[in-house]
Amino acid sequence: MRLTEFMDSSLIALDVKARSRNEAIRHLVRLAAKSAAVRDPERFLREVLAREKLGTTAVGEGVAFPHARSEAVSQIVVAVGRLKNSVDFGAEDGKRVRLVVLMGTPPKDIARYLKLLARFAALMRQQALRERLLRATSAPEVLRAIDQADSAAEEE
């Protein structure tokens, strides 16, 4: 299972303007709604925000993974945003977030979704990958960086 199998360059936004965690999440849900997988964007947004209230989805080092299991999506959907200015997601390490990976899954596909989330989280611990994503100038460049890091991790 490769991460980029679940990604599309049309669902990657560089230099997202957001002043808050909720604003960043709203932007990414609107982006994800370009996918036919998102059947009800408003419901999906409510569920992602409700999940965020349970506890931050920031994993540290400037990365967050807002997500939800939702009937509002028909299949796993991933949207990636790089924030123009960092925002506070309440990360335990105190670092503000610049890289946001929004994920949604229908409840029936939870096992694959959890594997995907764990794999993304593992890759984003790599400083080299985070730096590449922060320097990327295009969505295809983001996909290449993630795919190369994913491929290298598979070989280990």
Side-chain angles (χ1 to χ4, degrees), residues 1-14 16 18 20-83 87-92 97-126 129-130 132-133 136 138-156:
M1 175 176 74
R2 298 296 291 258
L3 294 176
T4 52
E5 291 174 34
F6 299 90
M7 300 176 72
D8 186 285
S9 61
S10 68
L11 303 183
I12 298 172
L14 305 177
V16 172
S20 69
R21 167 177 49 184
N22 286 357
E23 198 173 312
I25 291 170
R26 279 188 191 90
H27 184 93
L28 287 173
V29 167
R30 282 193 304 271
L31 183 62
K34 291 180 180 181
S35 167
V38 179
R39 296 187 290 222
D40 186 344
E42 288 303 315
R43 178 178 177 185
F44 183 44
L45 174 61
R46 284 192 308 273
E47 291 170 347
V48 172
L49 292 174
R51 165 57 191 88
E52 196 70 29
K53 284 182 182 176
L54 297 175
T56 184
T57 55
V59 295
E61 298 300 329
V63 180
F65 291 97
H67 58 277
R69 297 177 218 174
S70 175
E71 294 291 346
V73 297
S74 60
Q75 63 189 33
I76 293 173
V77 63
V78 178
V80 177
R82 181 180 68 202
L83 307 181
V87 299
D88 183 8
F89 263 71
E92 286 188 24
V97 167
R98 289 242 7 248
L99 298 170
V100 182
V101 180
L102 171 79
M103 299 175 64
T105 188
K108 67 178 174 19
D109 209 0
I110 196 67
R112 240 178 11 148
Y113 172 75
L114 291 174
K115 286 180 188 173
L116 189 67
L117 185 60
R119 193 168 186 123
F120 257 120
L123 287 183
M124 289 300 205
R125 283 194 279 274
Q126 299 174 11
L129 175 58
R130 291 190 314 271
R132 280 187 73 186
L133 297 177
S138 68
E141 189 176 344
V142 168
L143 287 176
R144 277 193 304 279
I146 291 170
D147 197 48
Q148 288 169 356
D150 197 18
S151 179
E154 274 185 346
E155 292 174 7
E156 290 177 356

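Formation of a donor-acceptor pair under 3.5 Å by the Arg82 side chain with backbone atoms of Ala136 is found in this model. Counting only distance, with no hydrogens or angles, the side chain of Arg2 and the backbone of Phe6 share no donor-acceptor pair below 3.5 Å.
In this structure, Glu141 CD and Ile12 CD1 are separated by 10.5 Å, a value rounded to the nearest 0.5 Å. Once rounded to the nearest 0.5 Å, the distance linking CG of Asp109 with CZ of Arg69 reads 12.0 Å. Phe120 contributes atom CZ, which lies 4.5 Å from atom CG of Leu3 (distance to the nearest 0.5 angstrom). The OG1 atom of Thr57 sits 5.5 Å away from the CD1 atom of Ile25 when rounded to the nearest 0.5 Å. Atoms OG1 and CD, from Thr4 and Gln148 in turn, are 10.5 Å apart once rounded to the nearest 0.5 Å. Atom CD of Glu23 and atom CG of Leu83 lie 10.0 Å apart (nearest 0.5 Å).
Of all the heavy atoms in Leu123 and Ile146, the pair that sits closest is CD1-O, 4.2 Å. Across all their heavy atoms, Ala58 and Phe89 have their closest contact at CB-CB, 3.7 Å.
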Verdict with supporting geometry, Arg144 and Asp147, salt bridge (Lys or Arg N to Asp or Glu O under 4.0 Å): CA-CA 5 Å; Arg144 277 193 304 279; Asp147 197 48; over 6 Å; no
Salt bridge (Lys or Arg N to Asp or Glu O under 4.0 Å) assessment of Arg43 paired with Glu47: CA-CA 6 Å; Arg43 178 178 177 185; Glu47 291 170 347; 2.9 Å; yes
Stepwise side-chain contact (heavy atoms from CB on, under 4.5 Å) test for Val77 and Met103: CA-CA 6 Å; Val77 63; Met103 299 175 64; over 6 Å; no
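Residues that satisfy the side-chain contact (heavy atoms from CB on, under 4.5 Å) test with Asp8, not counting sequence neighbours, are Ser10, Leu11.
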